[in-house]
Amino acid sequence: MNILFIHQNFPGQFKHLAAELVQRGHHVTALTLRVKERTRWKGVDVIPYKLQRRTEQKLHPWVLDLDSKVTRAESCFLAARKLQAEGYSPDVIIAHHGWGESMFLRDVWPAARMGLYCELYHLTGEPHTNFDPEFPSRDAAVEPLRIRLKNVNNHLHFDQAQAGISPTQFQADTFPAPFRERISVVHDGIDTRALTRNPDATFRTEGGRELSRADEVITFVNRNLEPYRGYHVFMRALPRLLRERPEAQVLIVGGDSVSYGARPPKGQTWKQMFIDEVRGQIPDADWSRVHFLGRINYERFVALLQVSRVHLYLTYPFVLSWSLFEAMSCEAAIVASSTAPVVEALEHDVTARLVDFFDGDALVDETIALLEDEAARTRLGQAARAHVVENYDLRDICLPRQIAWVDQLGATTL
């Protein structure tokens, strides 16, 4: 088949699927904003497109999100029409539609079958909104209206798409009927063969200290350090954790920007705001054991997980991070928040220790308990890996299911 991928940051969640489809003999193309020149990636013809420049117009703030998505959709539509003029016609379009690009593609190719990567439908009820009382909506009555308008993009895609795929049950279940019935739950997949326990792993900090499994290493990983991923809860727990574990080395991975949720006050970062809040409670000697690593390459990231004695993971009710499953695959002993998406993947005292998202003392208590109990760490880590291998393994579980989903989509009669 001719298969067209749409993702503003291709390959994104499609990095394994797209490459595998090439290996199976399909002709795979991608339209993306990520590259500037046409290129090939693992056999995929990767074609760039540019956003259209428009004269600024005044918009209602509630529709700024839709305006951005329509701008991307128009730009992608024009690039698609150019491909059509060159004779290209996809049998299947697979799109992460969250940024709007794929909105008009079946106007170009009405005979193509479309499958959507359904990351999240924005719900207005608790706990999806106002989960964290520290960061309430500016106007609780208005917030549901704004969020409903964010779903216009979802609804514009539902009538065009024949199927959807979501990585977790939690994410799929945010979508409304009847489209929910067309969504298959298949995770992106974890390469459990590459992500394994390594007793000989080492990790060198920016200061030059080499850490190994012999060290008391605690890890905390996010794409960006922000409240949606519990950074504020973690930082407020840090003074006590450092005080009670004088040998602990704390490795923190994450950028200074915002991936989800509200931005910090102008001119500030969430990272620095919460450093400033707790720094006065932490002596310099203890602070020297805290290592902010920023964003690191994947090889260093895997080594970090492999030297971790306890890995901490907190999240609002939202999309689960790949890093959680990667830590599980490396047999990390995990302490995590007992929020809805987490309890889908982890079970308390079976594969991890779960605590209330807001309970920093419980986070410290469970972390210390695991640091002092090697047998419990080993038991939980082995059970976590077994669960990932059985349910989220890339080669044996997820990729075959993704391929079957694509095959079924291609065979769908319009």
Side-chain angles (χ1 to χ4, degrees), residues 1-32 41-46 89-99 101-103 105-106 109-121 153-154 156-192 319-320 322 325 341 344-345 388-414:
M1 294 186 291
N2 284 335
I3 299 175
L4 175 64
F5 280 92
I6 306 295
H7 196 302
Q8 61 113 24
N9 195 33
F10 182 85
Q13 291 92 341
F14 303 136
K15 66 178 182 179
H16 300 301
L17 177 58
E20 181 67 17
L21 289 168
V22 171
Q23 292 298 311
R24 290 173 179 252
H26 298 292
H27 303 284
V28 182
T29 305
L31 275 175
T32 182
W41 174 83
K42 295 189 176 182
V44 179
D45 186 9
V46 182
S89 180
D91 301 296
V92 166
I93 299 170
I94 301 174
H96 188 317
H97 68 289
W99 296 277
E101 285 100 330
S102 46
M103 196 180 296
L105 293 189
R106 291 199 66 232
W109 296 295
R113 279 81 79 200
M114 180 179 282
L116 302 178
Y117 186 93
C118 297
E119 190 160 40
L120 199 72
Y121 186 91
N153 175 57
N154 275 316
L156 289 171
H157 277 87
F158 290 162
D159 289 340
Q160 301 181 63
Q162 283 66 55
I165 191 168
S166 279
T168 67
Q169 195 81 38
F170 171 82
Q171 289 166 258
D173 287 347
T174 62
F175 285 81
F179 193 75
R180 172 64 185 89
E181 300 165 6
R182 287 183 260 166
I183 298 176
S184 300
V185 177
V186 184
H187 194 265
D188 309 321
I190 301 300
D191 188 350
T192 63
V319 175
L320 274 185
W322 285 344
F325 295 100
E344 179 182 333
V388 168
V389 169
E390 183 177 350
N391 295 281
Y392 302 99
D393 179 77
L394 174 66
R395 296 294 166 188
D396 294 337
I397 306 297
C398 297
L399 205 49
R401 291 177 181 173
Q402 291 169 18
I403 295 296
W405 178 79
V406 174
D407 290 343
Q408 184 176 7
L409 180 61
T412 299
T413 302
L414 296 177

Aromatic plane relationship, Trp41 with Phe10 - under 30° parallel, 30 to 60° tilted, over 60° perpendicular: perpendicular

Does CD in Gln408 sit with more than 12 non-hydrogen atoms of other residues, nucleotides or ligands closer than 6.0 Å? no

Considering non-hydrogen atoms only, spot the tightest contact between Ala112 and Pro90 and give its length. CB-O, 3.5 Å

Spell out, as yes or no, whether a donor-acceptor pair under 3.5 Å connects the side chain of Thr29 to the backbone of Asp45. no

Just wondering, do Gln402 and Ile165 contact through their side chains at under 4.5 Å, heavy atoms? yes

Tell me, do Phe5 and Pro11 make a side-chain contact under 4.5 Å, heavy atoms counted? no

For Leu21 and Val28, which heavy atoms make the closest approach, and how far apart are they? CB-CG2, 3.9 Å

Arg113 CZ to Thr413 OG1 distance, which is reported to the nearest 0.5 Å: 8.0 Å

Take atom NE2 of His27 as the centre, draw a 6.0 Å sphere, and report whether it contains more than 12 heavy atoms from other residues, nucleotides or ligands. no

Nearest non-hydrogen partners of Trp109 and Ser89, listed with the distance: NE1-CA, 3.8 Å

Return the CG to CE distance between Asn153 and Met103, rounded to the nearest 0.5 Å. 4.5 Å

Donor-acceptor pair, distance only, cut-off 3.5 Å: does the side chain of His96 make one with the backbone of Gly98? yes

Student check: side-chain heavy atoms of Tyr121 and Phe179 closer than 4.5 Å: no

To the nearest 0.5 Å, tell me how far Gln8 CD sits from Leu31 CG. 13.0 Å

Sidechain-backbone polar pair: Arg401 side chain, Ser184 backbone, donor-acceptor under 3.5 Å: no

Roughly how far, to the nearest 0.5 Å, is the CD1 atom of Ile3 from the CZ atom of Phe14? 11.5 Å

Decide yes or no for Asn9 and Trp99: does some side-chain heavy atom of the first lie under 4.5 Å from some side-chain heavy atom of the second? no

Within a strict 4.5 Å, meaning less than it, do heavy atoms of the His187 and Trp322 side chains meet? yes

Taking all non-hydrogen atoms of both residues into account, name the closest pair between Gly164 and Cys118 and its distance. CA-SG, 4.0 Å

Nearest-0.5 Å distance that lies between atom CG in Leu4 and atom CD1 in Ile93: 5.5 Å

Is there a donor-acceptor pair closer than 3.5 Å between any side-chain N or O of Gln171 and the backbone N or O of Leu120? no

Find out whether Glu344 and Leu320 are in side-chain contact, i.e. whether some heavy atom of one side chain is under 4.5 Å from a heavy atom of the other. no

State, to 0.1 Å, how close Ala111 and Leu414 come at their nearest heavy-atom pair, and which atoms those are. O-CD1, 3.2 Å

Would you confirm whether Asp91, through its side chain, and Asn2, through its main-chain N or O, come within 3.5 Å as a donor-acceptor pair? yes

Applying side-chain contact (heavy atoms from CB on, under 4.5 Å), run through Val406 and Met1 and close with a yes or a no. CA-CA 10 Å; Val406 174; Met1 294 186 291; 4.1 Å; yes

Would a 4.5 Å heavy-atom cut-off, applied to side chains only, mark Asp188 and Leu394 as touching? no

How long is the gap from CZ on Arg395 to CD on Glu20, to the nearest 0.5 Å? 6.0 Å

Only one of Gln13, His97, Glu101 passes side-chain contact (heavy atoms from CB on, under 4.5 Å) with His7, and that residue is Gln13

Donor-acceptor contact below 3.5 Å, side chain Glu181 vs main chain Ala177: no

Less than 4.5 Å apart, any side-chain heavy atom of Val186 and any of Trp405? no

Closest heavy-atom pair and its distance - Phe325, Val388: O-CG2, 3.9 Å

